[in-house]
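Letters go in sequence order (proteins before strands), and every chain restarts at 1.
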Protein chains: 2
Amino acid sequence: METRAPRQRVGRAERERQILDAAVAVFSERGYQNASMDAVAKQVGVTKPVLYSHFGSKEGLLLACITQTRTQLLEVTSVAAAAADGPEDMLRRGTKAFFDFLDVQRPAWALLCSESAISAATCSALEEIRRQQTDFIAGMLAVQVPDADPHRLIGWANVIVGACERLAVWRGRDPRLTGEQATEYLMDLVWTGLAPRRP
Amino acid sequence: METRAPRQRVGRAERERQILDAAVAVFSERGYQNASMDAVAKQVGVTKPVLYSHFGSKEGLLLACITQTRTQLLEVTSVAAAAADGPEDMLRRGTKAFFDFLDVQRPAWALLCSESAISAATCSALEEIRRQQTDFIAGMLAVQVPDADPHRLIGWANVIVGACERLAVWRGRDPRLTGEQATEYLMDLVWTGLAPRRP
DNA sequence: AACGGTAAGTTACCACGGGTAAGTTCCCTG
DNA sequence: CAGGGAACTTACCCGTGGTAACTTACCGTT
């Protein structure tokens with residue numbers, strides 16, 4: 001009754017990272033729906049129940065991928081904005097950082113934008129990313145237009161987040177469009193539109 | 001060997017409409033993933049293979065729902081824009097019509113925005129909707145800013161489409177936000193931002 | 001150094017739902 | 001009154017998410 005020994009025993013935290021990496025790769029390549037848990041497990045060099053002991057369900061694994069990406073996105077954009085030397089530069093650098101992030105984390109982004117609106121829970125997780133960025137941007141705008149209605153600031157922030165998302169998708173289809181150019185198109189409308197409001 | 005007779009025999013076109021209606025209802029209520037084909041079939045009063053003979057697959061049925069909604073959306077927005085008495089009014093009426101459409105076709109919209117990015121094919125179908133609206137808007141902008149770079153016009157149109165989408169989702173969470181107000185927030189940035197470009 | 005206890009993994013299985021093959025009933029036409 | 005085809009049904013297959021029960025390696029304790 002010889003059972004093949006486990007290939008490699010490994011600490012919990014490290015396994016979790018391995019699984020997350022494999023999941024992003026497999027999900028983004030084949031698409032979440034077409035990717036089986038067995039495929040992810042195989043990529044790690046492990047069997048299915050291991051995944052379930054760590055993430056509970058296929059959707060749980062997807063959620064973990066999304067959450068990780070969300071954290072990275074906020075990190076990257078806020079660092080970039082912090083390095084700015086003025087309000088216009090802040091908006092510009094933040095936007096640019098967003099587009100750069102997509103280049104670096106392309107599979108993770110593909111997963112987010114194309115394949116993960118699978119259930120109420122995952123939709124909420126995606127919305128959480130947008131809400132996070134919206135709040136962040138609204139905060140920036142509040143500094144520039146201090147006497148504006150807060151509700152209106154959120155509205156503008158939503159405009160910007162939506163615009164960025166769409167420009168990003170467009171850029172995915174047409175790689176000739178650089179991040180700089182996309183940023184410029186956004187600034188054309190948004191920054192110019194904001195001009196009469198600034199004190 | 002008595003087999004229960006078919007409940008009701010009906011022409012192909014009519015069945016197709018019945019199935020589409022049922023699919024929008026069932027998919028949007030339970031969510032596409034959780035909705036079984038049997039559930040849709042039951043709603044129509046029919047068995048599963050009937051659905052497959054009409055739409056080929058579950059995804060095919062979803063695609064048909066999306067396509068139908070897309071057609072309706074272009075119809076509604078272009079009719080509204082055609083009734084305008086000037087460029088600003090055109091942008092405003094088109095935007096407003098979009099938000100009104102969401103109110104009328106709420107289940108269809110819920111299906112689009114929350115539950116259908118399921119595969120490459122359905123994602124393409126959703127993108128097709130956005131491309132359609134983007135082209136439409138770029139055409140409008142071209143009239144207003146005749147000497148602008150066409151590529152830039154598409155960029156601006158993407159900004160607008162993305163902004164509308166996000167504002168719509170925000171409005172879904174906060175029903176106090178009226179369609180008029182959402183439109184106004186968009187106009188704040190976009191129309192004002194366009195001002196220095198107009199001849 | 002032997003020894004339990006626990007964390008890490010495995011095998012083997014279930015159930016549900018998408019999809020299909022084959023058979024049945026009804027209607028319409030010649 | 002055939003008989004042919006369109007509309008439907010029954011009964012089934014099978015892939016995949018998810019789980020229960022068992023095994024094995026590691027580690028601190030006496």
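- A/Arg12 has a side-chain polar atom (N or O) that falls below the 4.0 Å cut-off from OP1 or OP2 of C/dA8.
- Ring-centre distance between B/His151 and B/Trp156: not below the 6.0 Å cut-off.
- Between A/Thr47 and C/dG9, a side-chain N or O to OP1/OP2 separation shorter than 4.0 Å is absent.
- As a whole-Å value, the separation of B/Tyr52 OH from D/dC13 P is 17 Å.
- The side chain of B/Pro49 lies closest to C/dA21 when the candidates are C/dA21, C/dA7, D/dA7.
- Side chain of A/Met37, nearest nucleotide from D/dT9, D/dG17, C/dT25: D/dG17.
- A salt bridge does not link B/Asp21 to B/Arg17: none of the charged nitrogens lies less than 4.0 Å from a carboxylate oxygen.
- Between A/Gln33 atom CD and C/dG17 atom P there is a gap of 14 Å when expressed in whole angstrom units.
- Residue B/Ala35 is in sugar-phosphate contact alone, with no base atom involved, counting any heavy-atom pair closer than 4.0 Å across all strands shown.
- Checked by atom type, the side-chain pair B/Arg130/B/Gln133 shows no donor-acceptor distance below 3.5 Å.
- For A/Ser36, the listed nucleotide lying nearest its side chain is D/dG17; candidates were C/dT25, D/dG17, D/dT9.
- Protein atom CG of A/Leu61 is 14 Å distant from nucleotide atom C1' of D/dG18, rounded to whole Å.
- For the pair A/Leu51 CG and C/dA8 P, the computed distance is 14 Å after rounding to whole Å.
- Minimum atom distance to the side chain of B/Lys48 is reached by C/dG18, of the listed D/dG17, C/dG18, D/dT24.
- A/Lys58 contributes no side-chain N or O that forms a donor-acceptor pair with the base of D/dG18 under 3.5 Å.
- The interatomic distance linking B/His54 (NE2) with C/dT20 (C1') rounds to 16 Å, in whole Å.
- Ion pairing between A/Asp100 and A/Lys96 holds under the 4.0 Å rule for side-chain N and carboxylate O.
- Following rounding to the nearest Å, A/Glu14 (CD) and C/dA7 (C1') show an atom-to-atom distance of 15 Å.
- Look at B/Arg15 and you won't find any side-chain N or O under 4.0 angstrom from OP1 or OP2 of D/dA6.
- No contact: A/Ser53 has no heavy atom under 4.0 Å from any strand.
- Remark: P of C/dG18 and CG of B/Leu62 are 12 Å apart, rounded to the nearest angstrom.
- Around atom CZ of A/Arg176, no more than 12 heavy atoms belonging to other residues, nucleotides or ligands sit under 6.0 Å away.
- The A/Val50 side chain lies nearest to C/dT10 when the options are D/dC8, C/dT10, C/dA8.
- The distance between atom CG of A/Asp38 and atom C1' of D/dC14, rounded to the nearest whole Å, is 14 Å.
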